[in-house]
Student: 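Handing you this structure, nothing more for now.
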Amino acid sequence: MIHFYHVTKKFDRYSTALHDVTFQIEKGEFVFVTGPSGAGKSTLLKLILRQMMPTEGQVIVNGRNLNAMRRGQVPYFRREIGMVFQDFKLIERMTVFENLSFILTVLGVAPKEHKKKAYSALRAVSLHHKMNSYPLQLSGGEQQRVAIARALINDPLVLIADEPTGNLDPDLSNDIVQIFNEANLRGSTILLATHDRDLIRSSGRRVLSLVQGRLSDEKIAAPEPIAARGGESLFVNWS
Ligand SMILES: Nc1ncnc2c1ncn2[C@@H]1O[C@H](COP(=O)(O)OP(=O)(O)OP(=O)(O)O)[C@@H](O)[C@H]1O
Ligand SMILES: [Mg+2]
C-alpha cells in the first residue's frame, strides 16, 4: 500500500531530513512513526501525500509511483487519503459543519448526504453537539477532533496523521487511537506519527522509528500480552 524504496530527502546541502529510507506498509496495517523532534516524521508523511518529492528513491502509494505522477493527477490521488495535520488546518470562517461539508464537496459527495455524514463523523469523536460552532470557539483538543472527523469522513483508503494527539490529555489520546482503530477495522490503512511512547506501547502496533532521518532498529518495550487486552487481533512486528 505504501512503499518507500531508498528514499532520501534533502532540503539543502546541509540538511538531509530522510536518509536512504526503505520500508513497506501493507493494506490494512496500522503503523506508528516515531522519533525525536526533527527526525523526519512530518517529511515522511508529506512525501506520501506528494506535498513534496524525494531527492532520491521512489515512493509508491496505492500502486502509484508518485515520482511519475503528473501534477494534474495529484488532486484525484489525494481524494483517497485522509490527512490530520500537526496544525489542524480548519477553516476559521466556516462552522464545523461547513468545514466538513467543504471536504465532502471536494470528495464529490452529493450535498444531500452532507448532514448525515457530518453528523456521524462528529459523533465518532463525540462532537456532534458542536456542528454549528466556529473552530475558534472550540478548545485545542476539540479542534483536533474535528480535524480527525474531517480526515475520516469518507473512509479513506489511507489515513495519515501527524501528531493527532499532540493537544490531548492521555484519556482523550486513547479515545482518538480507538477512533483510528475503528477506521482501521473498516479498512483504512493508517500511518500515525507521534512522540507519545505510552500510546505506542499500549497499542501493540508496528513502529517505524526514525533517528536523524534514518530508520532505526530501536525497540519500544513490547506491550502486554494480547490476550490481556481482550484478544484483539493486532500484529506486532518490530521491524
Ligand atoms: N521545508 C523545509 N526546508 C528546510 N528544512 C526542512 C524543511 N522541512 C523540514 N526541514 C528539516 O528537516 C528535518 C526533519 O523535519 P521534520 O519536520 O520532518 O521533523 P519531525 O520529525 O516531524 O519533527 P517534529 O517532531 O518536531 O514535528 C528537520 O531538521 C527540519 O529542520
Ligand atoms: Mg513533525
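Since we're looking at a predicted model, the values are computed, not measured. As the structure lists them, so they are numbered: ligands from 1, and atoms in each ligand from 1.
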Student: Could you tell me whether the side chain of Gln137 and the main chain of Tyr134 form a donor-acceptor pair under 3.5 Å?
Tutor: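 A pair under 3.5 Å: yes.
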Student: Among all protein heavy atoms, pick out the one at the shortest distance from atom 25 (O) of ligand 1; state its residue, atom name and that distance to 0.1 Å.
Tutor: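 The closest one turns out to be Lys41 NZ, 2.7 Å.
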Student: Closest non-hydrogen protein atom to atom 27 (O) of ligand 1, residue and atom name please, with distance?
Tutor: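 Of the protein heavy atoms, Gln86 NE2, 3.0 Å lies nearest.
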Student: Among Val33, Thr43, Thr34, Thr16, which one has a heavy atom closest to atom 15 (O) of ligand 1?
Tutor: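 Ranked by closest heavy atom to atom 15 (O) of ligand 1, first place is Thr43.
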Student: Could any protein non-hydrogen atom be found less than 4.0 Å from atom 31 (O) of ligand 1?
Tutor: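 Protein heavy atoms within 4.0 Å of atom 31 (O) of ligand 1 - there are none.
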Student: What are the atoms of ligand 1, with element, lying closer than 4.0 Å to any heavy atom of Pro36?
Tutor: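 Matching atoms, with element in brackets: 21 (O).
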Student: Check Leu66 against Leu47 and note the closest heavy-atom contact, atom names and distance.
Tutor: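 Heavy-atom minimum between the residues: CD1-O, 3.4 Å.
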Student: Please indicate whether any nitrogen or oxygen in Ala17 is less than 3.5 Å from any nitrogen or oxygen in ligand 1.
Tutor: no
Student: What do you reckon, does Phe11 have a nitrogen or oxygen under 3.5 Å from a nitrogen or oxygen of ligand 1?
Tutor: no
Student: Got an N/O contact under 3.5 Å between Gly38 and ligand 1?
Tutor: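 Yes: some nitrogen or oxygen of Gly38 is under 3.5 Å from one in ligand 1.
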Student: Answer yes or no for Thr43: is there an N/O/S atom below the 2.8 Å cut-off from the Mg ion (ligand 2)?
Tutor: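 No, outside the cut-off.
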Student: Work out whether the distance between some heavy atom of His195 and some atom of ligand 1 is less than 4.0 Å.
Tutor: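 Yes, His195 has a heavy atom closer than 4.0 Å to ligand 1.
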Student: Would a 4.5 Å heavy-atom cut-off, applied to side chains only, mark Ser203 and Phe30 as touching?
Tutor: no
Student: For Ala39, state whether at least one heavy atom is located under 4.0 Å from any atom of ligand 1.
Tutor: yes
Student: Which atoms from ligand 1 have a heavy atom of Ser42 less than 4.0 Å away?
Tutor: 17 (O), 18 (O), 20 (P), 22 (O), 27 (O)
Student: Would you kindly say whether Glu163 and His195 are connected by a side-chain donor-acceptor distance under 3.5 Å?
Tutor: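 His195 and Glu163 do have a side-chain donor-acceptor pair below 3.5 Å.
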Student: Output, in order, the C-alpha distance, side-chain angles, deciding distance and verdict of salt bridge (charged side-chain N to carboxylate O under 4.0 Å, His left out) for Glu80 and Arg64.
Tutor: CA-CA 12 Å; Glu80 298 167 359; Arg64 271 175 270 207; 2.7 Å; yes
Student: Does NZ or CZ of Lys115 fall inside the cone over Tyr119's six-membered ring, less than 6.0 Å from its centre and within 45° of the axis?
Tutor: no
Student: Look at the rings of Phe23 and Phe4 and say which category their plane angle falls in: under 30° parallel, 30 to 60° tilted, over 60° perpendicular.
Tutor: parallel
Student: Kindly determine whether Leu100 and Lys117 satisfy side-chain contact (heavy atoms from CB on, under 4.5 Å), including the steps that lead there.
Tutor: CA-CA 9 Å; Leu100 299 180; Lys117 286 211 175 238; over 6 Å; no
Student: In the protein, what heavy atom is nearest to atom 26 (O) of ligand 1, and what distance, to one decimal place, separates them?
Tutor: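 Atom 26 (O) of ligand 1 sits closest to the protein heavy atom Ser37 OG, 2.6 Å.
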Student: Looking only at heavy atoms, which two atoms of Pro156 and Ile81 are closest? And how far apart?
Tutor: CB-C, 4.0 Å
Student: Test your reading of the structure: does Glu163 have an N or O sitting under 3.5 Å from an N or O of ligand 1?
Tutor: no
